[in-house]
Asker: 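If you scroll down you'll find the structure; I have some questions about it.
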Amino acid sequence: MPYCEVDRYQNGDEWDGVRLFYRRFGRGATKVLLVIGLAGTHDSWGPQIKGLTGSLEPAADDEESGDAAAAEGDDGDGIEVCCFDNRGVGRSSVLPHKSYYSTVIMARDALALMDHLGWKKAHVFGHSMGAMISCKLAAMAPHRICSLALLNVTGGGFQCFPKLDGQMLSLAFRFLKARTPEERALVDLETHYTKEYLDEKAGSCTRRTILYQEYVKGISSTGMQSNCGFEGQVNACWTHNMTTKELDTIRSAGFLVSVIHGRSDIIAQLCHARRLAERLIPVARMVELHGAHLVSHERPEEVNNALMELIKATKSMMKPEEWSSQPENSSGVILMGFEHMRNIVKVMKPKQNSCKLLSEPSRRPGIFMSPQYCGDDGFRIASPKTS
């Protein structure tokens with residue numbers, strides 16, 4: 001299995017290594033590092049791996065590392081993607097205390113992984129907590145960054161709190177009552193996807209029904225994230241903060257930035273992402289899409305188009321002023337207009353034979369994709385007693 005030792009920590013009288021589990025996909029001179037968010041595993045990047053490389057088949061030589069292995073993939077115009085489990089989740093090391101988790105520490109983990117792979121530079125794309133980690137990485141080692149994409153990002157701390165309204169209070173109440181993966185599944189769906197998306201027909205039933213079944217199957221097969229890992233990652237989000245000096249470093253480093261967000265995200269509020277994009281002008285472009293916290297799953301084609309635009313703009317050495325002055329996802333404006341009109345027609349259309357929605361018990365925010373796509377900001381793989 002492909003592991004990378006990125007750090008060491010004291011465990012009682014002994015020193016243990018911190019190991020990250022990672023996977024590589026595709027081959028090519030263009031390198032992309034994907035950093036997932038809270039409670040998420042590398043699988044959660046499925047739609048983006050497929051969109052960027054054309055395949056979900058891991059590289060056959062994942063055991064190899066270093067410049068020699070990396071050089072094999074340096075020919076051609078293809079894209080090589082690496083995604084990994086952050087410390088505290090999945091197959092990576094779970095450290096025993098929350099002090100071993102911060103976005104700075106986890107950014108160093110990502111940098112050590114790049115060294116392990118022999119990557120001098122990479123496009124770094126992060127989601128949610130992974131976007132916070134990516135910001136720290138970009139400020140820490142700007143010379144290692146080709147471009148930066150921040151999906152559903154906030155500035156950490158109090159910005160991690162979701163918008164408190166009746167809907168969120170109801171979700172929180174139902175979460176506290178939940179005791180099983182089955183009970184939590186629907187709350188996870190509601191916190192990460194728009195109702196409109198969940199209610200769309202997919203064959204003989206709705207996406208909600210399909211995702212619910214996949215979630216229960218996935219959480220049963222992968223197990224729950226440990227309390228230590230979850231509390232540590234929450235601590236990383238809570239203590240995250242980007243200083244003016246760090247943002248100045250990113251803004252003056254010379255690479256382009258794309259801030260991508262779902263307009264209906266109730267976990268990471270859109271206003272915080274907009275504020276961050278404004279602070280990174282002129283190198284940042286704000287891309288707002290119809291979707292929620294998992295806009296990367298809800299609108300994979302638009303998200304992948306935005307990521308490819310960023311890669312192409314970097315290769316063509318587009319000037320920051322040109323990048324930020326273009327309309328958000330220029331190719332996506334027409335798409336979004338079409339989507340909006342399609343949604344209006346759907347609402348006006350009389351409902352026929354729609355599948356009966358499952359009743360809603362609860363759970364905490366996570367991320368999801370398919371059975372094995374349990375994790376951040378997708379379905380949280382955490383102990384039932386952890387909130």
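Along the sequence shown, the residues carry numbers beginning at 1.
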Asker: Hey, any chance Leu38 and Phe161 share a hydrophobic cluster, counting ILVMFWY side chains that come within less than 4.5 Å of each other, even indirectly?
Answerer: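 They do not share one cluster, since no chain of ILVMFWY contacts under 4.5 Å joins Leu38 to Phe161.
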Asker: Using the test side chain to side chain donor-acceptor pair (under 3.5 Å), find all partners of Ser99 that sit at least two apart in sequence or belong to another chain.
Answerer: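 Expected list: His97.
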Asker: Please find the pair of heavy atoms, one from Gly26 and one from Glu80, that lie closest to each other, and give the distance.
Answerer: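 In terms of heavy atoms, the two residues are closest at O-CG, 3.7 Å.
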Asker: Mind listing the closest non-hydrogen atom pair of Val94 and Ser226 along with its distance?
Answerer: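 Result for this residue pair: CG1-OG, 3.2 Å.
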Asker: Can any side-chain N or O of Tyr101 pair as donor or acceptor with the backbone N or O of Leu95 at less than 3.5 Å?
Answerer: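 Looks like yes, one N/O pair under 3.5 Å.
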Asker: Ser128 and His293: side chain to side chain donor-acceptor pair (under 3.5 Å), yes or no, with the steps?
Answerer: CA-CA 8 Å; Ser128 198; His293 195 59; 3.1 Å; yes
Asker: Identify the two heavy atoms, one from Met129 and one from Ala236, that lie closest to each other, and give their separation to 0.1 Å.
Answerer: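 Closest approach of Met129 to Ala236, heavy atoms only: SD-CB, 4.5 Å.
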Asker: Say whether Val104 and Val35 are linked into one hydrophobic cluster, either directly or through other cluster members, by side-chain heavy-atom distances under 4.5 angstrom.
Answerer: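 Yes; Val35 is reachable from Val104 via cluster members.
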Asker: Among Val295, Leu211, Leu189, which one satisfies side chain to side chain contact (heavy atoms under 4.5 Å, CB included) with Tyr197?
Answerer: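 The residue from Val295, Leu211, Leu189 that satisfies side chain to side chain contact (heavy atoms under 4.5 Å, CB included) with Tyr197 turns out to be Leu211.
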Asker: Side chain of Arg251, backbone of Val283: donor and acceptor closer than 3.5 Å?
Answerer: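 No, the answer is negative, given that no donor and acceptor are paired below the 3.5 Å cut-off.
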Asker: Please report the closest heavy-atom contact between Ala149 and Leu310, naming both atoms and the distance.
Answerer: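 Taking Ala149 first and Leu310 second, the nearest heavy atoms are CB-CD2, 3.9 Å.
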Asker: Is a donor on one side and an acceptor on the other found under 3.5 Å between the side chain of His240 and the backbone of Lys136?
Answerer: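 No, because the side chain of His240 does not come within donor-acceptor range (under 3.5 Å) of the backbone of Lys136.
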Asker: Could you go through the side-chain contact (heavy atoms from CB on, under 4.5 Å) check for Asn86 and Ile133 one step at a time?
Answerer: CA-CA 10 Å; Asn86 285 309; Ile133 295 169; 4.0 Å; yes
Asker: For a 4.5 angstrom cut-off between non-hydrogen side-chain atoms, does Leu307 reach Ile260?
Answerer: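 SC-SC contact between Leu307 and Ile260 confirmed.
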Asker: Answer whether the closest heavy-atom distance between the side chains of Arg279 and Thr244 falls below 4.5 Å.
Answerer: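 Result yes, sub-4.5 Å side-chain heavy-atom pair found.
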Asker: Step by step, work out the side-chain contact (heavy atoms from CB on, under 4.5 Å) result for Arg24 and Leu117.
Answerer: CA-CA 10 Å; Arg24 291 187 297 151; Leu117 296 170; 3.6 Å; yes
Asker: Determine whether Arg263 and His290 make a side-chain contact, defined as any pair of heavy atoms from C-beta on separated by less than 4.5 Å.
Answerer: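 Side chain of Arg263 against side chain of His290, heavy atoms only: contact under 4.5 Å found.
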Asker: Do Cys160 and Met132 make a side-chain contact, defined as non-hydrogen atoms from C-beta onward lying under 4.5 Å apart?
Answerer: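 Sidechains of Met132 and Cys160: in contact.
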Asker: Test your reading of the model: is there a side-chain donor-acceptor pair from Arg27 to the backbone of Gly78, 3.5 Å cut-off?
Answerer: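 Checking the backbone N and O of Gly78 against the side chain of Arg27, no donor-acceptor pair under 3.5 Å is found.
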Asker: Compare all side-chain heavy atoms of Tyr3 with those of Tyr22 and state whether any distance is below 4.5 angstrom.
Answerer: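 They are not in contact (no side-chain heavy atoms under 4.5 Å apart), so the answer is no.
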Asker: Rounded to the nearest 0.5 Å, how far apart are CD of Gln159 and SG of Cys271?
Answerer: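 Gln159 CD to Cys271 SG: 7.5 Å, rounded to 0.5 Å.
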Asker: For the side chain of Arg144 and the backbone of Lys120, is there at least one donor-acceptor N/O pair under 3.5 Å apart?
Answerer: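 Such a contact is found between Arg144 side chain and Lys120 backbone.
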Asker: Please report the closest heavy-atom contact between Thr41 and Gly90, naming both atoms and the distance.
Answerer: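 Nearest pair, atom of Thr41 first, then Gly90: CG2-CA, 3.9 Å.
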Asker: Output, in order, the C-alpha distance, side-chain angles, deciding distance and verdict of side chain to side chain donor-acceptor pair (under 3.5 Å) for His127 and Gln48.
Answerer: CA-CA 11 Å; His127 177 269; Gln48 282 62 59; over 6 Å; no
Asker: In sequence, state the C-alpha distance, the side-chain angles, and the governing distance for Arg208 and Tyr193, and then conclude on side-chain contact (heavy atoms from CB on, under 4.5 Å).
Answerer: CA-CA 9 Å; Arg208 184 190 301 266; Tyr193 297 92; over 6 Å; no
Asker: Is any side-chain heavy atom of Trp323 closer than 4.5 Å to one of Ser258?
Answerer: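 Answer yes - side chains close enough.
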Asker: Do you reckon Val89 sits in the same ILVMFWY cluster as Ile105, going by side-chain contacts under 4.5 Å, direct or chained?
Answerer: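 No.
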Asker: Backbone N or O of Leu294 within a donor-acceptor pair of the Asn152 side chain at under 3.5 Å?
Answerer: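 Answer holds: no.
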Asker: Using the rule that Ile, Leu, Val, Met, Phe, Trp and Tyr join whenever any side-chain heavy atoms are under 4.5 Å apart, tell me whether Leu270 and Val259 fall into a single cluster.
Answerer: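 Shared cluster, yes.
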Asker: Is it true that Leu247 and Met140 fall in one hydrophobic cluster, defined by side-chain heavy atoms closer than 4.5 Å?
Answerer: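 Hydrophobic grouping puts Leu247 with Met140.
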Asker: Does the distance from a Lys or Arg side-chain N to an Asp or Glu carboxylate O, for Lys98 and Glu231, drop under 4.0 Å?
Answerer: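 So Lys98 does not pair with Glu231 through a salt bridge.
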Asker: Any side-chain to backbone donor/acceptor pair from Ser134 onto Gly130? Under 3.5 Å, distance only.
Answerer: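 Checked: pair present.
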Asker: Taking side chain to side chain donor-acceptor pair (under 3.5 Å) as the test, write out the residues that go with Arg19, two or more places apart.
Answerer: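 Residues passing side chain to side chain donor-acceptor pair (under 3.5 Å) with Arg19: none at all.
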Asker: Charged N to carboxylate O below 4.0 Å: is that the case for Arg87 and Asp109?
Answerer: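 Salt bridge: yes.
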Asker: What's the spacing between Thr206 OG1 and Lys201 NZ if we round to 0.5 Å?
Answerer: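 If we round to the nearest 0.5 Å, Thr206:OG1 and Lys201:NZ are 7.5 Å apart.
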Asker: Could you check whether any side-chain heavy atom of Ser55 comes within less than 4.5 Å of a side-chain heavy atom of Phe25, counting everything from C-beta outward?
Answerer: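 Result no, sub-4.5 Å side-chain heavy-atom pair not found.
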Asker: Taking the side chain from Asp7 and the backbone from Val18, do they hold a donor-acceptor pair closer than 3.5 Å?
Answerer: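 Answer holds: no.
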Asker: Look at the rings of His42 and Phe21 and say which category their plane angle falls in: under 30° parallel, 30 to 60° tilted, over 60° perpendicular.
Answerer: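 Answer is tilted, since the angle falls between 30° and 60°.
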Asker: Could you tell me whether a side-chain N or O of Lys245 sits under 3.5 Å from a main-chain N or O of Met242, the two making a donor and an acceptor?
Answerer: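 No, the answer is negative, given that no donor and acceptor are paired below the 3.5 Å cut-off.
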Asker: Nearest 0.5 angstrom please: Asn305 CG to Lys312 NZ, how far?
Answerer: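 Asn305 atom CG to Lys312 atom NZ measures 8.0 Å (nearest 0.5 Å).
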Asker: Could you give the distance from CH2 (Trp119) to SG (Cys82), rounded to the nearest 0.5 Å?
Answerer: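 Result: 5.0 Å between the selected atoms.
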Asker: Check whether any side-chain heavy atom of Arg274 lies under 4.5 Å from a side-chain heavy atom of His261, and answer yes or no.
Answerer: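 They are not in side-chain contact.
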Asker: So how far is it from Phe125 CZ to Leu151 CG, rounded to the nearest 0.5 Å?
Answerer: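 Phe125 CZ to Leu151 CG: 9.0 Å, rounded to 0.5 Å.
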Asker: Could you check whether any side-chain N or O of Glu298 sits under 3.5 Å from a backbone N or O of Ala292, counting only pairs where one atom can act as donor and the other as acceptor?
Answerer: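 Side chain of Glu298 to backbone of Ala292, a donor-acceptor pair under 3.5 Å: yes, one is there.
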Asker: Identify, with sequence neighbours excluded, every residue that meets side chain to side chain donor-acceptor pair (under 3.5 Å) alongside Asn241.
Answerer: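 In terms of side chain to side chain donor-acceptor pair (under 3.5 Å), with neighbours along the sequence ignored, Asn241 is linked to no residue.
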Asker: State the CG-CG distance between Leu150 and Leu276, to the nearest 0.5 angstrom.
Answerer: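 Reported value, rounded in 0.5 Å steps: 6.0 Å.
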Asker: List the atom of His123, the atom of Thr30, and the distance in Å for their closest heavy-atom pair.
Answerer: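 Taking His123 first and Thr30 second, the nearest heavy atoms are CD2-CG2, 3.6 Å.
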